[in-house]
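Report on the following structure.
Just so you know, these numbers come straight off a predicted model, no measurement behind them. Reminder, nothing fancy here: chain letters follow the sequence lines and each chain counts from 1.
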Amino acid sequence: MNLKKYFKVGARLMKANVMTEMIYRANFFFGSFTTVMYFVIQLVYIYYLFESGGATEIGGFSREEVYFVMVCHQLVMAIFFAFIIDNLSSIIEKAHKGQLDFLMLKPIRPTFLMFNQETRLFGPLSMLIYSVMTMAALLYRGNIIIEPSMFWMIILIMVLSIILMHSLYLIGTSVFFWYNEFWALWDVIHEFQEIVKYPKSVYPAIMRFVLLFILPMFNIINPIYGILRHEPSWGIILNLLIVNIIFGGIAWTMWIYGLRRYSSAA
Amino acid sequence: MKLFLRLLNLKIQQRMMYRYDFLLGFVFMAISFFVMIFLWKAIYQGREVMSGFSFDELITYFILMELFDNLAPIRVFRILKEDVKQGFISTYLLKPVNSLRYYCTEGISNSASRFLFYLLPFLVIYVSVKSFIAPVSILNLALTFLMSIIAIIMSILLYLLLGCSTFWIVENGNINWAFNFFLTFVAGRLIPIQFLPNWLSSFLSYTPFISLYNLPGSIYLGKLSMVEIGIQFLIQGTWIAVLTTALIIIWNRGINRLELVSG
């Protein structure tokens, strides 16, 4: 099957998902409302984090800089929620019920089909809009100055963060082919999303090491703090690339072997 | 009581089956908790007290929040939703048990089993965190316990009320998601409500949400006077009566419009 046909299948699946989303209007409305609320609560939380103690900075970064990184994190999450998370959780569900057969027997690469089953556009779209608006407000007020070279580095970090998150969640998903019920890894990645938004300098060295190299959560979005501090960008990107290659390799290997282990429930 | 014990036994068996997942999940949760401590430590740098909370009090507050989090029967929403969607609710409607009471008992037994499982790791944290402080008095500890029972009842009522939306809306997963986010903020799970502006914290003190997290934590730490505690018990008791009535009415209406298709 050529690339054009893959695009066609992808577009059809997306269209079907959008139509399904529109059927459940109340759920769609609450989904959009939730994203707004989540976003506002995040902003308010950071506001009171600084305000309640009269702190002017955390780990050497101002409130606006923390806001900026938080907004970048939201943008990454919007894309992640739209295209990735539901597909991976649906793979677990289908594997449990023995329903992956239907996807594996079609005349198209099973992985492509499994990774494009579910698309949730509207909630993440509103998340994207609020994030871009807040970022524009921060930049317009001059609280943060982003030079063009920094801008492209930040975009690159965001892209690499999405890939790394995908790899980590894919590892968490593939584990289900060996263990029936193993949500611990999913839970920890989810829990640590809150941590990566704050400067890593506030945490002790051992914790930084663990979260940089063992469970590389500090490679998600957090390197933007380094860019804001004008640290050498090549070092940051090189480190991110290496971590991405290692964890991408682990995720892909586990996925391939996991799929081979899968046995139908029928 | 018999139904509760039977369900509790079942839940414990289920948890024992996936004990490694639970243990690993707890370890990761503990790591993320310790990481959060460092964030607050950075904020408290050079400050003794913030919004009436010392650093040790705040850490104690968050440890208690982790414990209370396990008491919230969030699963009861999902169970009701799936049972209505897939028609399993008919099993309870046809049996000589009150279906609403069954779901309440399911929620309580789920909370109790989670609590039993988390109690031991909680004690480990209690011992390892030097910042953890004891309750201001035995009376406050007893009142915290009483408020925790109110918290369980309140959260069952709230989640079942939300779950009733399944009778009208087929897909309602986002409602639960929205409510959980809302709750983390207004119930003082994310940040003690004492840190919020006065107008907001005094408004929230009249809502049923703070009984879930903030009230038990605040009573334990002695942040409320005995008169304030008495008023809060009265407010929350009234809310329980109001929400129970609302739940019974909505449940009966939902059951009346329920249509199940089976083969």
Query - chain B contacts, top residue of Gly59(A), Pro204(A), Pro199(A) (heavy-atom pairs, under 4.5 Å) - result: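 Highest number of pairs under 4.5 Å: Pro204(A).
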
Are there over 12 heavy-atom neighbours, none belonging to [X], within less than 6.0 Å of that residue's [atom1]?
X	atom1	answer
Asn256(B)	CG	yes
Arg253(B)	CZ	no
Lys94(A)	NZ	yes

Q) Rounded to the nearest 0.5 Å, what separation is found between the CG atom of Leu39(B) and the NZ atom of Lys197(A)? A)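 Nearest 0.5 Å value for the CG-NZ distance: 11.0 Å.
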
CG/Leu49(A) to CG/Leu190(B) distance, rounded to the nearest 0.5 angstrom?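 Answer for the CG-CG pair, Leu49(A) versus Leu190(B), is 9.0 Å.
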
- Task: Just say parallel, tilted or perpendicular for the rings of Tyr38(A) and Phe181(B), cut-offs at 30° and 60°.
- Result: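 Tilted: the ring planes of Tyr38(A) and Phe181(B) meet at 30° to 60°.
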
Within-4.5 Å side-chain heavy-atom neighbours: Tyr48(A) and Pro197(B):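 Yes; the side chains approach each other to less than 4.5 Å.
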
Of the backbone (N, CA, C, O) and the side chain (C-beta and beyond), which part of Trp168(B) lies under 4.5 Å from a heavy atom of chain A, both, or neither?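 Neither part; nothing is under 4.5 Å.
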
**Message:** Using heavy-atom distances under 4.5 Å, tell me whether Phe182(B) contacts chain A through its side chain, its backbone, both, or neither.
**Reply:**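 For Phe182(B), backbone and side chain are both near chain A.
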
TODO: Could you walk me through whether Ile43(B) and Phe50(A) pass the side-chain contact (heavy atoms from CB on, under 4.5 Å) test, one step at a time?
DONE: CA-CA 7 Å; Ile43(B) 293 162; Phe50(A) 279 89; over 6 Å; no

Portion of Val44(A) that has a non-hydrogen atom of chain B nearer than 4.5 angstrom =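 Val44(A) touches chain B through side-chain heavy atoms alone.
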
